[in-house]
Amino acid sequence: MKTQQADVAVIGAGTAGMAAWHAATQAGAHAVLIEAGAFGTTCARVGCMPSKLLLAVAHGVHDAQQLKPRGVDGTATLQVDGRLAMQFVRRERDHFVATVLKEVASFPPECVVRGRAGFEASGSGSHRLIIDGAWRLEARSVVIATGAVSNVPSEFKVFGKRLLTSDDIFELETLPQRLAVFGAGPLALELAQGLSRLGVEVCVFGRDGKIAGITDKSVHDALAKSLAREFYFDPDASVHEMLLEHGVPTITFRATDGMTRREQFDAVLVATGRRPALKPLMLEHTGIALDERGTPPFDHTSMQCGTSSIFMAGDCDGTRPWLQDATDEGQLAGANAARFPDVKHVERKVPFSVVFCQPQVALVGTSIETAERNVVDGFVSFEDQGRSRIDGQARGALRVYAEASTGRLLGAQLCGPQAEHLGHLLAWAVQLRLCVDEVLTLPFYHPVVEEGLRTALRDASSKLYARRGETAPHLAAAVGLS
Ligand SMILES: Cc1cc2nc3c(=O)[nH]c(=O)nc-3n(C[C@H](O)[C@H](O)[C@H](O)COP(=O)(O)OP(=O)(O)OC[C@H]3O[C@@H](n4cnc5c(N)ncnc54)[C@H](O)[C@@H]3O)c2cc1C
């Protein structure tokens, strides 16, 4: 069998893998990038970009329809042409994919390998990868950047060709009339609301009441209430039966009103999560430790698996399944793979994710579940927040968490207008280790949604001072004590 050598082998040419290849090459290593599927990345082909394009059309239609009570007529005649809308999504998606393909084409050809990689063995000082079962690549270090794949539990296989995942949805020529969506995570919510706003009758069935990873009850309930106004939404669905009846997906379930319902759909979107694409790698041949799910434990400050010269990056590591983290992890893993055994550790950014449904969701930093008891919270509802009301977006809620002993901001959970922007402000404040009172000394304009954030911060500040038997500075000023 033919054998080639490299300093660093990067498995997977997605966002994380490409970042790893650049970092390893910049560090002076001969790095080889291996890709089994299509170039172009999950983000551009079937992920962030087409889903946001679909939502851009959908939110546009929805916003226009909301103008009628504000004296703007003619919105009733708005017609969504599903075929043209999907063509638009694919056309713009192809633009983003082409940008990535151009980048891949700029890599030296000897550094890019087509084929599926799996470990043959790891010995002293090197790893042997078998590519497509046909030839061998020997590398000093390996970066695993194989991404994640849609997780389709076996019970959904009954729907046969009517079963869709997020990988299929953007290829639809026309929109279905009725769609069942399983899952209430970020992808399910974005796709369900996007399609619903384009005129598809959508029913969403979640499990265990969970919505988009939100653990704060008030924020969770505010989002559930808002979504349920737009389409059938049960985050804790009780499904009795799923079958194909004369080729038509048929689902029997206990509805949110307590009644048993039997509904038929044109298609079923299963968005019940994505799992790391690690199985075909045959990691058991490497000798590194694997947990019960077959995932290697790794140090998230170096991306190194144990003390080995194997590094993880991106969605395949099962944590932070978001694009910017795929890039950060790829850069870190690639640089460390190149300089192994001189591995460097970095402080990771504050965890931060956004869901682009409306109201948007943002999760920042440490959630109240993982925080210690030494925590104070601050809360605001957007239902009567000035600017949100002006914009017809008065829904949602925000809770911030701060360390009780110091007032340092720890994190936040929110759903509401402009959550993507409020989330950034909060993520920056948390990462800069700002205290609640320090943020309150910063400028807030009027009328803006940031005033809602200020209300939550003031609430936290009041609680922090109350714990010490004192009056918060903003209250003291209001009552003339300072
Ligand atoms: C519908 C959807 C919407 C999303 N929206 C957002 C969003 O708005 N914001 C956000 O931050 N994130 C979003 N994400 C998540 C984001 O897309 C991912 O975090 C990111 O793309 C992960 O990049 P990656 O490099 O880890 O994986 P990928 O880009 O999937 O790359 C992995 C590559 O490895 C290859 N591969 C796998 N196994 C092998 C093997 N054995 N040998 C060789 N090659 C192999 C695969 O073919 C693939 O090309 C979304 C995801 C989806 C699905």
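For ligands, and for the atoms within them, numbers begin at 1 and follow the listed sequence. Here the structure is a predicted model, which is why all the values come from computation and not from measurement. What you see below is based on every heavy atom in this structure, not just the backbone, and it leaves out hydrogens, waters and symmetry mates.
At a heavy-atom cutoff of 4.0 Å, ligand 1 is contacted by no atom of Phe39, backbone or side chain. The proximity of Leu187 to ligand 1, defined as any non-hydrogen pair under 4.0 Å, is limited to the side chain. Contacts between Ile11 and ligand 1, counted as non-hydrogen atom pairs separated by less than 4.0 Å, involve the side chain only.
Closest heavy-atom approach to atom 3 (C) of ligand 1 within the set Pro321, Gly47, Gly314: this belongs to Gly47. In this structure, of Arg114, Glu329, Lys52, Arg274, the residue bringing a heavy atom nearest to atom 5 (N) of ligand 1 is Lys52.
Nearest protein heavy-atom contact of atom 48 (C) of ligand 1 is Glu35 OE1, 3.5 Å. Remark: minimum distance from atom 4 (C) of ligand 1 to any protein heavy atom is reached at Cys48 N, 3.4 Å. Scanning all protein heavy atoms for the shortest distance to atom 41 (N) of ligand 1 gives Ala117 O, 3.0 Å. Looking only at heavy atoms of the protein, atom 27 (O) of ligand 1 is closest to Gly147 CA, 3.4 Å. In this structure, atom 1 (C) of ligand 1 lies nearest to the protein heavy atom Val46 O, 3.4 Å.
Checked by atom type, the side-chain pair His421/Gln360 shows no donor-acceptor distance below 3.5 Å. Using modelled atom types and a 3.5 Å distance limit, the side chains of Gln5 and Arg140 yield no donor-acceptor pair. In summary, the side chains of Arg348 and His300 do not present any donor paired with an acceptor at a separation below 3.5 Å, with no hydrogens or angles considered. Side-chain atoms of Ser388 and Gln393 include no donor-acceptor pair closer than 3.5 Å.
Between Ala145 and ligand 1 there is a heavy-atom distance shorter than 4.0 Å.
Looking at ligand 1, you won't find any N or O of Ser166 less than 3.5 Å from one of its N or O atoms. Residue-to-ligand polar distances place Leu323 within reach of ligand 1: an N/O pair is separated by less than 3.5 Å.
Here the two rings, on Phe311 and Phe298, have centers that are 6.0 Å apart or farther.
Using the six-membered ring where Trp is involved, Phe119 and His127 have ring planes that are perpendicular, over 60° apart on the 30 and 60° scheme.
For residues 104-122, the set of pairs meeting the salt bridge (Lys or Arg N to Asp or Glu O under 4.0 Å) definition, not counting sequence neighbours, comprises Glu120-Arg128, Glu120-Arg136.
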